2 protein chains.
Amino acid sequence: MAKRRRVANLMALAVLSAVAFRQMHPYEMATTLRGWGKERDLQIKWGSLYTVVRNLAKHGLLAEVESGREGRRPERTVYRITDEGRAELVDWARELLSVAEPEFPRFRAGLSVMAVIGPDEVVTLLQQRLAGVERETAEARAALELHSPRVPRLFLIEIEYDLAMLAAEAAWMRSLIEEISGGTLPGLAEWRHHHETGEISAELVELADSSIEQYGKK
Amino acid sequence: MAKRRRVANLMALAVLSAVAFRQMHPYEMATTLRGWGKERDLQIKWGSLYTVVRNLAKHGLLAEVESGREGRRPERTVYRITDEGRAELVDWARELLSVAEPEFPRFRAGLSVMAVIGPDEVVTLLQQRLAGVERETAEARAALELHSPRVPRLFLIEIEYDLAMLAAEAAWMRSLIEEISGGTLPGLAEWRHHHETGEISAELVELADSSIEQYGKK
DNA sequence: GACCGGTTATTCGCAGACGAGTATACGCAC
DNA sequence: GTGCGTATACTCGTCTGCGAATAACCGGTC
């Protein structure tokens, strides 16, 4: 599943969806996507944009229309989508909506090494992050209000998704904070002990050498 | 916030956390992380592993201990963590636990171009993905059961996080499916019309040209 | 004792991502 | 009409992620 795309960068998806409406030149694609409130998807990386467009053209998903210039500005190349490009857009969307693949958010990585920090400090850090998540929630809500008067809900659905996920994350964080600060997390004493003395339980060290049946391993 | 790391790849974090226990050579780091059930974090990319380790060494976060060989096997280089490396590990963990930064999961990208597919097919696709999410949930639960007898909960906390997020995602997807298939999603008729005829509402086209105040823009 | 498949352990090379730099045009002040 | 700040539009070079190739060793089998 999740076949190898000729141009794998997700920015290519956004580009295709913009050019699907009408032909345009690269810079215009960026501003168009902004106009649709999609700039959150891709915090436009200029370097990538041009590489991606060139690759799409190379693989026949976009075609060069004209390479005119206005005045003595740097030459602008206008692209249009090809039938193949349209097919790729639809196929890719199908894949993204139907295939669940595990992802690895940065916060998850932080959790997986949480033990290197003491429990008391962890509580403080999590509280900070919780505040950040709440800020993001407010921003998303604001974006929804800003755009919904003119953009149909269908085109803002990913912001609703953001809101749902942010809410879930906040709830989970609150309960973890509660468990640690309330002292109900099992193993809290060992954690504190490990952190203060630097001692490592023998079993954990031993585990490092054992090779056991793995999770997620096909 | 979120300062530039000397070695930015998250695999470096995992490597540091492994080497923090005892000195080892690269291949051993991979198996150690497996032993702790952390292989989900990084589906070990062999190419990256060696690049990352070399970079960590270059920046003084790891130090070469010995470069012995056994028999006529390829030479093995053993690394130990430096004080600087230990500091980086802790500092990085602090950052990851305290800073919330928006991320862009692939599914979100799919949602943002959902309109290129018709509503009926979208329902089918979402149902497929929902099944996938449920499968992942089962796997995570199994992993938790497999490891919890010997690994303290503290070290499996990221799996609990996975479970919470998967549950939220499933719930959200179910409600979206319900709205579309139940016909209660506003704009459903236009969507269907657009999909069948290829027509684009004039306002949307117009929006592409306007440049309005942006969401998420600092 | 020759062969074979699996595990251990690492190197290589290329494609791709992206920060930073470049250059022109335009609007506005004075 | 001259100067300057800002928007437009793109290019270049670097760094790095990672797939695929490589190769030695081990243990079994006929």
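The structure presented is a predicted model; accordingly, all values stated were derived computationally and were not measured. Below, read A as the first sequence line, B as the second, and so on, with proteins coming before strands; counting in each chain starts at 1.
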Using whole Å, what does the distance between atom [atom2] of nucleotide [N] and atom [atom1] of [X] come to?
{"X": "B:R6", "N": "D:dT16", "atom1": "CZ", "atom2": "P", "answer": "13 Å"}
{"X": "B:N9", "N": "C:dA17", "atom1": "CG", "atom2": "P", "answer": "15 Å"}
{"X": "B:Y50", "N": "D:dG17", "atom1": "OH", "atom2": "P", "answer": "16 Å"}
{"X": "A:I44", "N": "D:dT8", "atom1": "CD1", "atom2": "P", "answer": "12 Å"}
{"X": "B:M24", "N": "C:dT8", "atom1": "CE", "atom2": "P", "answer": "15 Å"}
{"X": "A:L10", "N": "C:dG16", "atom1": "CG", "atom2": "P", "answer": "15 Å"}
{"X": "A:L49", "N": "D:dC10", "atom1": "CG", "atom2": "P", "answer": "9 Å"}
{"X": "A:R5", "N": "C:dG16", "atom1": "CZ", "atom2": "P", "answer": "15 Å"}

Taking only the side-chain nitrogens and oxygens of [X], find out if one of them lies under 4.0 Å from OP1 or OP2 of [N].
{"X": "A:S48", "N": "C:dA17", "result": "no"}
{"X": "A:H25", "N": "D:dT8", "result": "no"}
{"X": "A:Y27", "N": "D:dC10", "result": "no"}

* **Base D:dC18 to side chain B:T51, donor-acceptor N/O within 3.5 Å cut-off** => yes
* Can you find a heavy atom in the side chain of A:R129 that is under 4.5 Å from one in the side chain of A:F107? -> yes
* Quick one: on DNA chain D, does B:H59 or B:G47 contact a more 5' nucleotide (nearest heavy atom)? -> B:H59
Between [options], which nucleotide has the shortest distance from any of its atoms to the side chain of [X]?
{"X": "A:K45", "options": "D:dA20, C:dC18, D:dC10", "value": "C:dC18"}
{"X": "B:V52", "options": "D:dG17, C:dA9, C:dC18", "value": "D:dG17"}
{"X": "A:N55", "options": "D:dC10, C:dG16, D:dG17", "value": "C:dG16"}

* So, is the end of the A:R108 side chain (NZ or CZ) under 6.0 Å from the ring centre of B:Y161 and within 45° of the ring's axis? -> no
* Asked: Looking at CE of B:M165 and CD of B:E136, how far apart are the two atoms once the value is rounded to the nearest 0.5 Å?
  -> 13.5 Å
* Please check if the side chain of A:T82 supplies one atom and the backbone of A:L61 the other of a donor-acceptor pair under 3.5 Å. => yes
* Judged by atom type as modelled, is there a donor-acceptor pair below 3.5 Å linking the side chain of B:H195 to the main-chain atoms of B:G118? -> yes
